[in-house]
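Okay, so here's the structure we're looking at.
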Amino acid sequence: MANEPQRTMTPQARRAIAAAYFGTLIEWYDYALYGAAAGLVIGPLFFPDVIPASASMLAFATFAVGFVVRPLGGLIISHLGDRVGRKPAMILTIVLMGVATVGIGLLPTAEAIGLAAPILLILFRFVQGFGAGAELAGALTLVAEYAPERRRGRVIGLVTSGAPGGAFLATLAFTFASMLPGDVLLGWAWRIPFLVSAVLFVLALWIRRRLEETPEYREAVANAEQTATKVPLAELFRRSPRELVVGFFSVCGHNVTNYVLSAFALSYLTLTVGMPRVEALIAVLVSSLLTAFAPVLGGMAVDRFGAKRVLVFGSVAGIVLTYPVFLSLQSGDPVLAALGMTALGVVAVGATAASTGTFLTNLFPTRYRFTGVATARELNGALVAGPTPLIATALVAAAGGGLWLVVLFVIAACLVSLLAVVATPKRIGDLQPEEAADPSRLAPAERVSD
């Protein structure tokens, strides 16, 4: 029967999960790598003629640039994914990210080509952001349409665990590079982590070329007269504007907390606190390793308690933990800093990673799910996530090196997510077990998943 829930994982489902996991791993390797580079080398290499504090802010501005274009990439590639197929869209995202990341690793610095260096850097960040704009949305859509309903949370948790996994690999790569003398790091060693990413891209591309379209997508195409739309974005705004707004605000806390940990913390420890570069990198590295599998545990909790409850828990955890965690950073002790970042990463980020992914995929029907997830996530990415390290750096400067303004910023973001989720009607974004087993029990206006 069409509504009978799938209970076993097919070989194609496992392949889809692998493809989604490696894509998420690579996306976060790229962004954590650039975040680490922005905190340590992008300023002196590409903005050498300004004071260090301004160079750091300019470096984080280039980090934010990648997010500005993400909504455009998400909209265009997700349109391709909803109209042509999940597979070609997922191949395109990985190719764009691969070209951009390797290109940054080959880029001449300002000393060699002057103003052209930061211009080309921004161009590559645009290409990288354009591809990444549909990567996680595509990954979540892919696995949500393959995974059995009762295991959707843990499968999405496994995929989103690629985020801390990618951050760990990026920090590990930069830690080894940073152990070299400063002139060697700034001379050529900073390029190696970017160039090594080519291996990950080739592996992910090979897996994705072997994918088949998801069963749900094939069924939607087969029922084209009832479900297809020429412009998924128009359908999204016409039929699901409330879900889109809820989706946008639901990821605020996760994004701000995540990017404070993965991009801002390293810069703060080295430039403001004065912690030695290698010690700061090791603290971030330990935190990334210990939090790598937290989203899987969060996904198991989603399957047990529902996405909305776990998302509420993670948002509350972010509100409660932010202040003591930032005190641990301010202490200058690498052990305390690692423990603080781990606590916030495991409890808050771990809970919200899988729950936001499940929550978003449950908001939209198959025929424009890719577009809905990408639009909600990437608009938030451009307006909230991308500027987070830049905002945090500016807030530290405004507070004279203090962290209290950053603490309020993170708490406010978590509170927004909490209120967005709590304010949603019961069925929106959270399929109950009996509803997951038989979606026909929901009235058409109440269905959140085909």
Checklist line | Sub-4.5 Å side-chain heavy-atom contact between Arg152 and Asn362 | finding: yes

Notebook entry, point to check: Looking only at heavy atoms, which two atoms of Gly298 and Val310 are closest? And how far apart?
Noted result: O-CG1, 4.2 Å

Next item on the list: Evaluate side chain to side chain contact (heavy atoms under 4.5 Å, CB included) for Asn380 paired with Phe249, printing each intermediate quantity in order.
Entry: CA-CA 8 Å; Asn380 189 279; Phe249 286 115; 5.9 Å; no

Check: Quick one: side-chain hydrogen bond (donor to acceptor under 3.5 Å, both in side chains) pairs with a partner in residues 86-98, sequence neighbours left out?
Finding: Asp82-Arg86, Arg86-Glu145, Thr93-Glu135, Thr93-Arg208

Notebook entry, point to check: If we only count heavy atoms from C-beta on, is the Thr322 to Val260 side-chain gap below 4.5 Å?
Noted result: no

Item checked: side-chain hydrogen bond (donor to acceptor under 3.5 Å, both in side chains) against Ser240, all qualifying residues, sequence neighbours excluded -> Tyr368

Next item on the list: To the nearest 0.5 Å, tell me how far Leu383 CG sits from Asn255 CG.
Entry: 11.0 Å

Item checked: Residues Arg238, Glu243; criterion salt bridge (Lys or Arg N to Asp or Glu O under 4.0 Å); working and verdict -> CA-CA 11 Å; Arg238 185 168 67 90; Glu243 288 81 356; over 6 Å; no

Next item on the list: Taking the side chain as every heavy atom from C-beta outward, state whether Tyr29 and Ser197 have any pair of such atoms under 4.5 Å apart.
Entry: yes

Margin query: Within the structure provided, determine whether Ile42 and Tyr34 are in side-chain contact (heavy-atom separation under 4.5 Å).
Written below: yes

Notebook entry, point to check: Quick one: does Gln12's side chain have a donor or acceptor within less than 3.5 Å of a partner on Glu212's backbone?
Noted result: yes

Margin query: Quick one: does any side-chain atom of Thr356 pair with a main-chain N or O of Ala353 as donor and acceptor, under 3.5 Å?
Written below: yes

Next item on the list: Quick one: list whatever passes side-chain hydrogen bond (donor to acceptor under 3.5 Å, both in side chains) with Arg239, sequence neighbours left out.
Entry: Glu235

Note to self: Is the shortest side-chain heavy-atom distance between Leu403 and Leu327 below 4.5 Å?
What the structure shows: no

Check: Any sub-3.5 Å donor-acceptor pair from Arg191's side-chain atoms to Gly105's backbone N or O?
Finding: yes

Next item on the list: Output yes when a side-chain donor or acceptor of Ser417 lies under 3.5 Å from a complementary backbone atom of Ser250, and no otherwise.
Entry: yes

Check: More than 12 non-hydrogen atoms from neighbouring residues, nucleotides or ligands closer than 6.0 Å to CZ on Phe293, yes or no?
Finding: no

Next item on the list: Please answer whether the main-chain N or O of Phe264 pairs with a side-chain N or O of Ser267 as donor and acceptor at a distance below 3.5 Å.
Entry: no

Item checked: Nearest-0.5 Å distance that lies between atom OG1 in Thr270 and atom CE in Met275 -> 9.5 Å

Next item on the list: Looking only at non-hydrogen atoms, find the nearest pair between Met97 and Gly23 and report the distance.
Entry: CE-O, 4.3 Å

Note to self: Before you tell me yes or no, could you show the steps for Lys308 and Phe359 under side chain to side chain contact (heavy atoms under 4.5 Å, CB included), namely the whole-Å CA-CA distance, both residues' side-chain angles and the distance that decides it to 0.1 Å?
What the structure shows: CA-CA 7 Å; Lys308 291 173 70 173; Phe359 184 79; 3.6 Å; yes

Checklist line | Qualifying residues under side-chain hydrogen bond (donor to acceptor under 3.5 Å, both in side chains), relative to Gln128, sequence neighbours excluded | finding: Thr101, Arg125

Note to self: Assess the residue pair Phe237 and Thr371 against the criterion (side chain to side chain contact (heavy atoms under 4.5 Å, CB included)); give the C-alpha distance rounded to whole Å, side-chain angles, the decisive distance to 0.1 Å, and a yes or no.
What the structure shows: CA-CA 10 Å; Phe237 279 102; Thr371 299; over 6 Å; no

Next item on the list: Return yes if some donor-acceptor pair links the side-chain N/O of Arg377 with the main-chain N/O of Leu136 below 3.5 Å, else return no.
Entry: no

Margin query: Tell me the closest heavy-atom pair linking Tyr21 and Ser161, and the distance in Å.
Written below: CE1-OG, 3.5 Å

Checklist line | Aromatic contact, Trp28 with Tyr259 (centres under 6.0 Å) | finding: yes

Note to self: Using 0.5 Å steps for rounding, measure from the CG atom of Leu408 to the CG atom of Leu415.
What the structure shows: 11.5 Å

Checklist line | Pairs flagged by side-chain hydrogen bond (donor to acceptor under 3.5 Å, both in side chains) wherever residues 327-354 is involved - sequence neighbours left out | finding: His254-Thr352

Item checked: Worked verdict on Trp404 versus Leu395 for side chain to side chain contact (heavy atoms under 4.5 Å, CB included) -> CA-CA 9 Å; Trp404 66 274; Leu395 291 175; over 6 Å; no

Notebook entry, point to check: If every non-hydrogen atom of Gly153 is compared with every non-hydrogen atom of Val302, which pair is closest and at what distance?
Noted result: CA-CG1, 3.9 Å

Notebook entry, point to check: What is the minimum heavy-atom distance between Ala20 and Ala139, and which atoms define it?
Noted result: CB-CB, 3.7 Å

Check: Are Val347 and Phe313 close enough that some pair of their side-chain heavy atoms sits under 4.5 Å apart?
Finding: yes

Next item on the list: Verify, without hydrogens or angle tests, whether Thr358 (side chain) and Ser355 (backbone) share a donor-acceptor contact under 3.5 angstrom.
Entry: no

Notebook entry, point to check: If you measure from OG1 on Thr375 to CG on Leu75, what distance do you get to the nearest 0.5 Å?
Noted result: 4.5 Å

Margin query: Quick one: does any side-chain atom of Arg369 pair with a main-chain N or O of Phe364 as donor and acceptor, under 3.5 Å?
Written below: yes

Check: Can you find a heavy atom in the side chain of Arg367 that is under 4.5 Å from one in the side chain of Pro232?
Finding: no

Next item on the list: Look up atom CG in Leu211 and atom CG in Leu142, then write down how far apart they are to the nearest 0.5 Å.
Entry: 6.0 Å

Notebook entry, point to check: Is Val102 close to Phe194 at the side-chain level, that is, under 4.5 Å between some pair of heavy atoms?
Noted result: no

Next item on the list: May I have all residue pairs that pass side-chain hydrogen bond (donor to acceptor under 3.5 Å, both in side chains) and include part of residues 278-297, sequence neighbours excluded?
Entry: none

Item checked: Atom pair CH2/CG of Trp190 and Leu33 - distance to nearest 0.5 Å -> 9.5 Å

Check: Where do Val406 and Val396 come nearest, in terms of heavy atoms and distance?
Finding: CG2-CG2, 3.7 Å

